[in-house]
Amino acid sequence: MSLRAVKGMKDILPDEISKWHRLERAFRECVEAHGFREARFPIVEPTALFVRSIGETTDIVEKEMYTFTDRGDKSLTLRPEATASAVRAYVQHSVQGREPVTKWYYVGPMYRRERPAKGRYRQFYQAGIEVFGDPGPYVDAEVIDLVVGFIASLGITEVEVLINSIGGPETRRKYTAALLAYLEPHRDELCPDCQRRMGANPLRVLDCKVPRCGEIAADAPSMLKHLTDDDRAHFDELQATLTTLGTPYRVDGSLVRGLDYYTRTLFEVLGKGEALGAQNALLGGGRYDEMVKSFGGPDTPAIGFAVGLDRLLMAMPEVEPEAHVDVFVIAAQPTVRAEAALLGRELRDTGLRVESDLRGGSLKSQLRRADKMNARIAMILGESEVAAGAVQVKDLLEKTQQTVFRKEAAKRVHEILD
Ligand code: HAM
């Protein structure tokens with residue numbers, strides 16, 4: 001039997017990893033510049049955490065979660081997203097008592113048993129932020145502006161920013177009644193899932209991927225027309241702030257998201273380039289003002305987003321892979337391999353990234369390896385060099401070579417690299 005990775009889950013090998021590092025570094029720098037601090041949550045959580053927050057009638061909970069019973073008979077789930085974990089941690093550690101506004105970010109793998117496709121995986125990576133304690137709408141605009149700026153900084157220019165408001169609980173009550181009145185005559189045309197969801201959570205019908213349900217949803221009453229005065233003022237002020245910030249956006253009154261916890265502001269950024277194919281949602285987010293309270297915490301408004309890193313990478317322009325070593329140390333004869341190992345350590349101690357091939361081999365083959373690794377410098381050590389306390393420093397870019405005292409070698413390399 002040949003063992004392979006689980007369907008929809010992929011290995012990321014070292015040749016690809018520098019792109020990931022670059023992307024993660026850019027994300028960290030961007031959010032840290034806005035005062036966000038990293039939090040790490042477990043990958044496995046109690047199943048009830050996701051059922052109660054994402055919602056029992058969502059696709060994620062009904063069809064996509066990796067849920068299992070552990071040896072202690074507990075139902076556990078591989079996290080399909082991290083907002084629920086952030087809220088659990090925020091409540092569990094009574095964070096609200098420490099600071100009025102909390103700004104967290106996270107980066108890591110998420111798990112959804114969706115049908116694998118280009119840009120859609122069963123293990124995928126998200127980077128996200130969550131802000132607790134600020135009711136908006138100014139922070140909503142700032143969060144949207146942050147992520148739009150982040151995406152632009154990656155060289156991804158063809159994007160569309162969609163925003164909507166689904167209002168708070170009162171708007172939702174009014175809207176649900178209007179939606180049900182609209183859907184009722186179409187009941188028999190809806191898919192069995194939607195017919196069932198009409199009873200439990202009619203808003204989910206708007207998010208159904210079955211084509212006929214989508215057509216019916218397209219003519220549904222607009223949510224924006226049902227906003228209460230407060231919700232409307234919040235949404236208007238969000239738009240005014242985005243305009244002040246110069247952040248491009250388009251209001252899409254039919255935008256819904258596949259998670260139940262949202263209130264008021266919703267947003268998504270779609271990539272428009274060809275690289276993405278059908279899975280063009282680069283990120284999604286929104287406000288979830290009721291969730292902390294529903295988990296037993298104090299009444300705390302919150303907003304956040306998560307970007308799909310796999311999809312961002314697909315949308316990013318190609319760049320040259322980075323070299324991962326500075327110096328390749330070559331033992332010219334098998335007898336000096338111990339000395340070569342020692343030289344490697346001396347160089348690393350000065351902060352250089354050093355590789356060598358201590359199996360030995362011909363000078364030519366070792367030089368070829370140094371080249372292949374994109375090392376800037378090959379440092380050659382033979383019996384005569386050891387005897388003289390010297391090394392050969394070969395600059396593989398400038399194609400120059402010089403003999404230097406061994407104790408000067410690291411300094412010379414740093415000069416070349418600077
Ligand atoms: P989401 O829209 O479910 O939101 O996911 C956010 C992003 O994760 C998507 O826009 C997409 O780029 C990526 N993504 C989702 N599923 C997959 C998949 N199967 N394969 C590849 N990429 C995928 C959330 O997860 C919310 N927690 C966002 C949030 C944070 N809302 C408030 N705070």
Side-chain angles (χ1 to χ4, degrees), residues 3-32 36-51 53-54 58-70 74-90 92 104-130 147 150-151 154 156 257-259 261 268-269 271 276-277 279-285 304-316:
L3 288 173
R4 301 183 64 82
V6 174
K7 187 172 171 193
M9 302 196 184
K10 61 180 188 302
D11 302 307
I12 302 169
L13 298 183
D15 277 353
E16 291 170 80
I17 209 74
S18 61
K19 288 197 294 192
W20 286 84
H21 284 168
R22 195 153 6 90
L23 180 55
E24 288 163 12
R25 216 181 305 127
F27 179 77
R28 284 172 201 280
E29 276 169 17
C30 170
V31 296
E32 285 177 7
F36 287 83
R37 294 189 303 153
E38 183 173 3
R40 296 191 185 183
F41 314 114
I43 283 175
V44 178
E45 294 273 10
T47 303
L49 176 70
F50 303 116
V51 176
S53 56
I54 297 171
T58 56
D59 276 356
I60 295 180
V61 169
E62 280 186 347
K63 302 177 191 164
E64 296 169 3
M65 293 204 306
Y66 283 94
T67 296
F68 60 97
T69 308
D70 81 348
K74 295 241 174 347
S75 179
L76 303 180
T77 294
L78 295 186
R79 62 180 186 192
E81 59 112 46
T83 308
S85 302
V87 172
R88 179 201 44 69
Y90 181 82
Q92 181 176 331
W104 284 349
Y105 78 86
Y106 51 84
V107 180
M110 309 291 157
Y111 301 85
R112 297 183 194 175
R113 200 177 185 289
E114 293 190 74
R115 197 166 46 75
K118 187 177 172 193
R120 187 167 61 208
Y121 309 104
R122 291 180 172 178
Q123 175 178 302
F124 58 98
Y125 295 82
Q126 282 187 346
I129 64 168
E130 312 293 348
V147 74
F150 168 60
I151 288 182
L154 300 172
I156 304 173
R257 309 246 312 112
L259 306 107
Y261 50 64
E268 272 188 6
V269 175
L276 280 168
Q279 310 307 318
N280 65 345
L282 293 174
L283 70 98
F305 70 76
V307 316
L309 295 181
D310 311 75
R311 292 185 193 172
L312 275 189
L313 276 179
M314 289 166 69
M316 269 164 72

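- Note that CD1 of I156 is 5.0 Å distant from CG of L312, once rounded to the nearest 0.5 Å.
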Check: Between V51 and M65, does a side-chain contact (heavy atoms from CB on, under 4.5 Å) hold up when you go through it step by step?
Finding: CA-CA 10 Å; V51 176; M65 293 204 306; 4.2 Å; yes
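- Side chains of K10 and P116 form no contact here, defined as non-hydrogen atoms less than 4.5 Å apart.
- The shortest non-hydrogen separation linking L154 to A26 is CD2-CB, 4.0 Å.
- The heavy-atom pair separating Y106 from A306 by the smallest distance is OH-CB, 4.0 Å.
- Of the inter-residue distances, the one linking D310 atom CG with L282 atom CG reads 11.5 Å to the nearest 0.5 angstrom.
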Checklist line | Stepwise side-chain contact (heavy atoms from CB on, under 4.5 Å) test for V307 and V269 | finding: CA-CA 9 Å; V307 316; V269 175; over 6 Å; no
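- For the ring-ring contact (aromatic ring centres under 6.0 Å, His included) test, residues two or more places apart in sequence or in another chain that qualify with F150 are F27.
- Within the structure, every pair that satisfies the side chain to side chain donor-acceptor pair (under 3.5 Å) test and touches residues 15-30, not counting sequence neighbours, is listed here: R22-E322, R28-E38, R28-Y105.
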Review item, side-chain donor-acceptor pairs of residues 74-86, under 3.5 Å, at least two apart:
{"unit_1": "S75", "atom_1": "OG", "unit_2": "T47", "atom_2": "OG1", "d": "2.7"}
{"unit_1": "T77", "atom_1": "OG1", "unit_2": "T47", "atom_2": "OG1", "d": "2.8"}
{"unit_1": "T77", "atom_1": "OG1", "unit_2": "T67", "atom_2": "OG1", "d": "2.8"}
{"unit_1": "R79", "atom_1": "NE", "unit_2": "P109", "atom_2": "O", "d": "2.8"}
{"unit_1": "R79", "atom_1": "NH1", "unit_2": "F41", "atom_2": "O", "d": "3.4"}
{"unit_1": "R79", "atom_1": "NH2", "unit_2": "P109", "atom_2": "O", "d": "3.0"}
{"unit_1": "E81", "atom_1": "OE1", "unit_2": "T83", "atom_2": "OG1", "d": "3.3"}
{"unit_1": "E81", "atom_1": "OE1", "unit_2": "Y261", "atom_2": "OH", "d": "2.5"}
{"unit_1": "E81", "atom_1": "OE2", "unit_2": "T83", "atom_2": "N", "d": "3.3"}
{"unit_1": "E81", "atom_1": "OE2", "unit_2": "A84", "atom_2": "N", "d": "2.9"}
{"unit_1": "T83", "atom_1": "OG1", "unit_2": "E130", "atom_2": "OE2", "d": "3.0"}
{"unit_1": "T83", "atom_1": "OG1", "unit_2": "Y261", "atom_2": "OH", "d": "3.3"}
{"unit_1": "S85", "atom_1": "OG", "unit_2": "E45", "atom_2": "OE2", "d": "2.9"}

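- The closest donor-acceptor contact from the side chain of R122 to the backbone of M9 lies at 3.5 Å or more, if one exists at all.
- Taken to the nearest 0.5 Å, the CG atom of D11 stands 9.5 Å off from the CD atom of Q123.
- Atom CZ of R37 sits about 14.5 Å away from atom CD1 of I129, to the nearest 0.5 Å.
- Remark: Q279 pairs with no residue by the side chain to side chain donor-acceptor pair (under 3.5 Å) rule, at least two apart or across chains.
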Margin query: Quick one, F50 with T58, criterion side-chain contact (heavy atoms from CB on, under 4.5 Å). Give me CA distance, side-chain angles, the key distance, then yes/no.
Written below: CA-CA 10 Å; F50 303 116; T58 56; over 6 Å; no
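- Listed by chain and residue number, E64, R112, R120 satisfy the side-chain contact (heavy atoms from CB on, under 4.5 Å) test with E114 (two or more places apart in sequence, or in another chain).
- A 4.5 Å side-chain heavy-atom check between L309 and V107 finds at least one atom pair inside the cut-off.
- For K118, the side-chain contact (heavy atoms from CB on, under 4.5 Å) test picks out M314, with sequence neighbours left out.
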